Amino acid sequence: MAELILYNTLTRSEEPFQPREPGKVTIYACGLTPQAPAHVGHMRGVVVMDIVQRWLEQLGYAVHFVQNFTDIDDKIIRRAQEEHTSTAAVAEKYSRMYIEDAHALGVRLPHFVKVTENMDAIIEMVQRLVEDGYAYVVDGDVYFEVNKFPEYGKLSGRSVEEMQAGARIEVDERKRNPEDFALWKAAKPGEPAWDSPWGKGRPGWHIECSALSLKYLGAAFDIHAGGMDLIFPHHENEIAQSEAYLHCEQPFARYWLHWGPVRLRQEKMSKSTGLVVPIRELRQQYEPAVIRYFLLTVHYRTPLEFSYERLEESKAALERIRTAYQRAQAFLRERGGATADATVAEPYLQQFREAMNHDFNTAQALAAVFEVVRELNTHLNTPELADAPARLAGLLNALQWMMETVLGVALQPDAPAQSETLNQLMHCVIAWRQELRTRKLYDLADRIRDDLKAMGIVLEDSPQGTTWRIG
RNA sequence: GGCGCCGUGCCCGAGUGGCUAAGGGAAAGGUCUGCAAAACCUUUAUUCGUGGGUUCGAUUCCCACCGGCGCCUCCA
């Protein structure tokens, strides 16, 4: 196994990755509250985690990846009231949409878990925190007492004193310290509620991720991931309550991975500001592969500025990769295939692996992809080298592995599937048109080309013959 | 106010204490070609926000300043 380096928010440095258990990786990512259609910012996280999972698998690990749905909270309750339906129906509706969007982007779905289906684990955890003196009960609410956990602030790099200095938290008289946070909230009339030792209520936001990750992955699982905006307070609180629960004998998670925000007009894309591009909407305009490519052009921790100009650039860049891929495929098809020889591709594969091993640097990995593309095109342009189809096949395999297997970007556009019949038909059409060109009947030859173009089939003439591709 | 991140060519965006500062998009010129498209080659940063410092040597480390952003409240 190659040495994977990843950036750990907890230590603010890059570290060699060593899993809890050899050969196995456990990952937990905070999912979303399904109460509105997902936007591009959500999808960035989804795609980043998909890449992480894919690359770990390429390194030979068995990956167990769990993600939650916060299917009960204030916003869902409000939404249910607005839509005159139940909270369960709201959560179900938007969870489905989310899964559908993720699936469309070529994401391999994680093991989803829901809060409402794991109430027992949550209550058990809160109960133990109360028993152990880390939490206290007030009027049916349960709060975690931050002062009981001396390491509070270690993830986000802030201290309780600092936070009190800049206090903007509204003071709740019933809390012992302003920073204390709710583990359990007493039910208000008309709200969905669950029985607990403290009366009817529902979990606070932070406790669910701790309870679910510990239940499904166990203490000291490998990677805990989420958007950067979750570092404080969400992940800070998760650490406090989880490590308190574990009696500070084990760390909660070994590595903390956070992806950067997507911005729109210099501001974070977020529902609260209304600056949002729903992924549904974007999917109407761009095929999933282009959206995915766009998300991968920047390192995952860097903020990504959303713009249609950038998407157009991504589209053009992907087009370049696909053209080379299809030209090479067509060439090999004509030769009846070849045994792959990977020696030409190996330096680029090496470059690609190094980039991915360095904290999943997809932007850098794409440079290797384009080196392969150039090499492929050069081979195709040079008849004497083109006599080495084995090397072409090797490059083609490398390209396919990089783009499709690892990055998950489809090299065949969403178009009618290429069938053997279509291949044969195109073979004939090209032969007929060649005959016309030989007889200098260019009007007819051009008309064939134009008509096919209108159907989405591109013909390209070169000294080595005519090739076709869908595009 | 506190904590943290960032500022690289026309645009986007990797990166490193010293090797030609990746790659993509765009533009211009060339090659190929019946034309078109694609492709290939060349050109667009003696320079990496500004000013100091450390060092034999800094875009890369430290400090200050300017500019942008994130978090401190729900947030992917």
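For clarity, every value in this text was computed on a predicted model and none was experimentally measured. In what follows, chains are A, B, ... by sequence order, proteins preceding strands, each numbered from 1.
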(request) With heavy atoms under 4.0 Å as the rule, sort A/Thr323 into base, sugar-phosphate or nothing. (result) sugar-phosphate
(message) So, OP1 or OP2 of B/A14: does either fall under 4.0 Å of a side-chain N or O from A/Thr302?
(response) yes
(message) Should A/Phe370 be counted as stacked on B/G24, where stacking needs a ring-centre gap under 5.5 Å and an angle between planes under 30 degrees?
(response) no
(message) Below 30° counts as parallel, above 60° as perpendicular, anything between as tilted: where do the rings of A/His258 and A/Trp256 land?
(response) parallel
(request) Quote, to the nearest angstrom, the P distance that separates B/A39 from B/U47. (result) 33 Å
(request) On the 0 to 90° scale, with breaks at 30° and 60°, tag the A/Phe144-A/Phe181 ring pair as parallel, tilted or perpendicular. (result) parallel
(request) Provide the distance between the two P atoms, one in B/C6 and one in B/C63, to the nearest whole Å. (result) 13 Å
(message) Can you identify which nucleotide, out of B/C40, B/C35, B/G68, has its nearest atom closest to the A/Gln266 side chain?
(response) B/G68
(request) For B/U59 and B/G51, measure between their C1' atoms and round to the nearest Å. (result) 15 Å
(message) Need one value for A/Arg301: base, sugar-phosphate or nothing, where a base atom within 4.0 Å counts as base even if backbone is also close, heavy atoms only.
(response) nothing
(request) Describe the nucleic acid contact of A/His358 in one word from base, sugar-phosphate, nothing, applying a heavy-atom distance below 4.0 Å. (result) sugar-phosphate
(request) Please report the shortest heavy-atom distance between A/Leu399 and A/Leu411, naming the atom on each side. (result) O-CD1, 4.2 Å
(message) Check this one for me: any side-chain N or O of A/Asn377 less than 4.0 Å away from OP1 or OP2 of B/C40?
(response) yes
(request) Taking only the side-chain heavy atoms of A/Ala367 (C-beta and beyond), determine which of B/C11, B/C71, B/G23 contains the nearest atom. (result) B/G23
(request) Taking only the side-chain heavy atoms of A/Arg310 (C-beta and beyond), determine which of B/A36, B/A38, B/C12 contains the nearest atom. (result) B/C12
(message) Please give me the minimum heavy-atom distance between A/Ala38 and A/Tyr98, naming the atom from each residue.
(response) CB-CD1, 4.0 Å
(request) Report yes or no: do A/Tyr152 and A/Glu236 form a side-chain donor-acceptor pair below 3.5 Å? (result) no
(message) Strictly below 4.0 Å: does A/Arg263 bring a side-chain N or O up to OP1 or OP2 of B/C12?
(response) no
(message) It should be established whether A/Lys268 places a side-chain nitrogen or oxygen under 4.0 Å from OP1 or OP2 of nucleotide B/A76.
(response) no
(message) I'd like to know if A/Asp461 reaches the base of B/C35 with its side chain, counting only an N/O donor and acceptor under 3.5 Å.
(response) yes
(message) I'd like to know if A/Arg437 reaches the base of B/G34 with its side chain such that a donor and an acceptor end up less than 3.5 angstrom apart.
(response) yes
(message) Distance criterion of 3.5 Å, no angle test: do you see the side chain of A/Arg44 paired donor-to-acceptor with the base of B/A76?
(response) no
(request) Using the C1' atoms only, state how far B/C61 lies from B/G18, rounded to an integer number of Å. (result) 14 Å
Compile the donor-acceptor pairs under 3.5 Å between side chains in residues 365-376 of chain A and protein atoms, sequence neighbours left out, one pair per line.
{"from": "A/Glu375", "atom 1": "OE1", "to": "A/Tyr348", "atom 2": "OH", "distance (Å)": "2.5"}

(message) What contact category does A/Val458 fall into here, base, sugar-phosphate, or nothing, at under 4.0 angstrom with non-hydrogen atoms?
(response) nothing
(request) Tell me which of A/Asp443 and A/Glu375 sits closer to the 5' end of RNA chain B, going by the nucleotide each one is nearest to. (result) A/Asp443
(message) Over all strands shown, is A/Pro303 touching base, sugar-phosphate only, or nothing at heavy-atom distances under 4.0 angstrom?
(response) nothing
(request) Report yes or no: is there a donor-acceptor pair, N or O only, under 3.5 Å between the side chain of A/Arg78 and the base of B/C74? (result) no
(request) Counting Watson-Crick and G-U wobble pairs whose two distances are both under 3.5 Å, find the runs of 3 or more in a row that involve RNA chain B. (result) B:1-7 with B:66-72, B:10-12 with B:23-25, B:26-31 with B:39-44, B:49-53 with B:61-65
(request) Between B/G49 and B/A58, how far apart are the P atoms? Round to whole Å, please. (result) 15 Å
(request) Would you please classify the geometry between the A/His235 ring and the A/His224 ring as parallel, tilted or perpendicular, with 30° and 60° separating the classes? (result) perpendicular
(request) Look at the side chain of A/Tyr293 and decide which nucleotide, out of B/C74, B/A37, B/G24, has an atom nearest to it. (result) B/G24
(request) Could you tell me whether A/Lys315 atom NZ has more than 12 heavy atoms of other residues or ligands within 6.0 Å of it? (result) no
(message) Can you identify which nucleotide, out of B/C40, B/A22, B/C72, has its nearest atom closest to the A/Glu371 side chain?
(response) B/A22
(request) Assign each of A/Gln351 and A/Cys30 to its nearest nucleotide of RNA chain B by heavy atoms, then name whichever residue's nucleotide is nearer the 5' end. (result) A/Gln351
(request) Check if the side chain of A/Asp446 and the base of B/G34 share a donor-acceptor pair of N or O atoms closer than 3.5 Å. (result) yes
(message) Looking at A/Gln364 and B/G15, is any side-chain donor or acceptor paired with a base atom of the opposite kind under 3.5 Å?
(response) no
(message) Check this for me: does any side-chain nitrogen of one of A/Lys75 and A/Glu82 sit under 4.0 Å from a carboxylate oxygen of the other?
(response) no
(request) Determine the contact category for A/Lys453: base if any of its heavy atoms lies under 4.0 Å from a base atom, sugar-phosphate if only primed atoms, P, OP1 or OP2 are that close, otherwise nothing. (result) nothing
(request) Can you tell me, in whole Å, how much space there is between the P of B/A26 and that of B/C12? (result) 15 Å
Side-chain donor-acceptor contacts of residues 262-271 of chain A below 3.5 Å, not counting sequence neighbours, with atom names and distances?
{"from": "A/Lys268", "atom 1": "NZ", "to": "A/Asp229", "atom 2": "OD2", "distance (Å)": "3.3"}
{"from": "A/Ser270", "atom 1": "OG", "to": "A/Ser272", "atom 2": "N", "distance (Å)": "3.2"}
{"from": "A/Ser270", "atom 1": "OG", "to": "A/Ser272", "atom 2": "OG", "distance (Å)": "2.7"}

(message) Please give the distance between the C1' atoms of B/A14 and B/C74 as a whole number of Å.
(response) 34 Å
(message) Check the phosphate of B/G24 against A/Arg320, side-chain N and O only, distance under 4.0 Å to OP1 or OP2. Yes or no?
(response) yes
